[in-house]
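Working notes, structure below.
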Amino acid sequence: MTVNDFAEMKRSGRRISMITCYDYWSAQIIDQSTVDCILVGDSVAMIIHGYENTIPATVEMMALHVSAVSRGAPNKFIVADMPFLSVRKGLKHAMDSVETLMRAGAQAVKIEGVSGHEEIIHHIVESGVPVMGHLGLTPQSVHQFGGYPVQGRKEDEVTALKAEAKQLQELGCFSIVLECVKSDTARTLTRSLQIPTIGIGAGPDTDGQILVLHDMLDLFKNVDPRFVRHYVRGHQLVLDSLNHFDSDVKEGSFPSAEESYL
Ligand code: KIV
């Protein structure tokens, strides 16, 4: 997949599948799958590093994970998140951050919001770096939202989202993530744009869907947002395997003769 395929998939009505990935081993599995593309999201701060939100993610943290993912999934289109405040400290800081992520192996960057960093988005696009927008619930603004509320319920929110989506399209973004947006608002936005929307908690009518890999695999007990579908009970599977290993060791059945150098 290349950046051009996003527009082509929207034109032909083929839905886009995207999954988060942060490390080499899972990137290798995703590379063998039919999933279209990868996001190295700043959710890495929560999922891999155990922070409460995405604010602790830094460009250095992102670059380390992007480089591991790019070695594991050389055949997938990889988008890297621009972390907290990286587009709010002036053009030079933003471009240095983009350079670091692209040199680490990303093929595009994702930027939350638009207001106040329109020129930076335009400059990144003009510099030959594809930009994915991100509207709706933008987790880097968690403290301004006061949590993670669903967006696009009120009339003024819908009007603002429409204007922002149009603006991102005009700035040259190749697609837009819509996070936690009321389904009919996401549908309206999707229909109003030439570039594809990729939804997470935004209902069935976006042009594509993204999930956090670890949510999809149910690796965290008690994390169960309404929009996640669990494809395997990963937490239980790993726990059972560990307990099985432990009991094999303790009863002396591991390793067997076949598992030993005789
Ligand atoms: O960081 C992330 O995982 C994301 C997705 C939730 C879209 O931005």
Side-chain angles (χ1 to χ4, degrees), residues 6 15-23 26-27 30 35-59 61-66 68-69 73 76-87 97 101 104 106-114 121 130-142 145 147-152 161 164-165 168 173-181 186 189-190 195-203 206-220 223-230:
F6 284 80
R15 287 173 195 271
I16 300 161
S17 59
M18 191 170 199
I19 196 79
T20 65
C21 180
Y22 318 106
D23 53 44
S26 60
I30 295 167
V35 168
D36 293 311
C37 48
I38 289 175
L39 171 69
V40 183
D42 59 357
S43 52
V44 68
M46 302 168 76
I47 304 289
I48 301 297
H49 296 275
Y51 290 109
E52 204 175 311
N53 53 47
T54 60
I55 288 173
T58 61
V59 173
M61 183 194 285
M62 295 305 303
L64 194 65
H65 290 282
V66 168
V69 170
K76 295 292 179 192
F77 188 82
I78 298 170
V79 182
D81 250 336
M82 291 283 282
F84 182 60
L85 294 187
S86 57
V87 293
S97 306
L101 297 179
Q107 276 107 51
V109 295
K110 176 165 79 57
I111 296 175
E112 290 190 10
V114 57
I121 294 176
V131 176
M132 176 178 266
H134 184 158
L135 296 176
L137 178 61
T138 45
Q140 289 169 17
S141 306
V142 56
F145 283 122
Y148 297 101
V150 173
Q151 300 294 299
L161 279 170
E164 287 171 342
L168 285 176
C173 288
F174 69 94
S175 69
I176 303 175
V177 165
L178 297 178
E179 179 164 356
C180 289
V181 173
L189 294 173
T190 299
I195 57 173
T197 58
I198 308 212
I200 174 161
T206 51
D207 298 302
Q209 297 288 333
I210 176 167
L211 280 179
V212 169
L213 177 70
H214 297 61
D215 290 346
M216 191 195 98
L217 300 179
D218 193 25
L219 287 171
F220 289 104
V223 174
D224 213 3
R226 179 191 175 99
F227 59 81
V228 171
R229 183 174 292 178
H230 299 306

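The figures here come from the full heavy-atom set of this structure, side chains too, leaving out hydrogens, waters and symmetry mates. Order of appearance sets the numbers: ligands from 1, and atoms from 1 within every ligand. Treat the numbers as computed from the prediction; the structure is a model and nothing was measured.
- Aromatic ring pairs are classed by plane angle as parallel below 30°, tilted from 30° to 60° and perpendicular above 60°; the pair His49 and His65 is perpendicular.
- Those atoms of ligand 1 that come under 4.0 Å of a heavy atom in Ile200, given as number and element, are 6 (C).
- Remark: the backbone N or O of Gly203 is paired with a side-chain donor or acceptor of Gln209 at under 3.5 angstrom.
- The distance from atom OG1 of Thr197 to atom CZ of Phe6, rounded to the nearest 0.5 Å, is 12.0 Å.
- Between Asp42 and ligand 1, a contact under 3.5 Å exists for at least one N or O pair.
- The protein non-hydrogen atom at the shortest distance from atom 5 (C) of ligand 1 is Leu39 CD2, 3.7 Å.
- Considering Gly199, Ser43, Gly41 only, the shortest heavy-atom separation from atom 3 (O) of ligand 1 involves Ser43.
- Remark: of the listed residues Cys37, Ser175, Pro196, Ser175 is the sole one forming a side-chain contact (heavy atoms from CB on, under 4.5 Å) with Met132.
- Atoms of ligand 1 found under 4.0 Å from any heavy atom of His134 (numbered from 1 in listed order, with element): 8 (O).
- With hydrogens and angles disregarded, no donor-acceptor distance shorter than 3.5 Å links the side chain of Lys76 to the backbone of Val69.
- Applying the 4.0 Å criterion to heavy atoms of Thr20 picks out, from ligand 1, the atoms 3 (O).
- Separating the CD1 atom in Ile111 from the CG atom in Leu135 is a distance of 11.5 Å, to the nearest 0.5 Å.
- Between atom 8 (O) of ligand 1 and the options Lys110, Gln140, Met18, the minimum heavy-atom separation is to Lys110.
- Residue Asp81 approaches ligand 1 through these ligand atoms, each under 4.0 Å from one of its heavy atoms: 1 (O), 2 (C), 8 (O).
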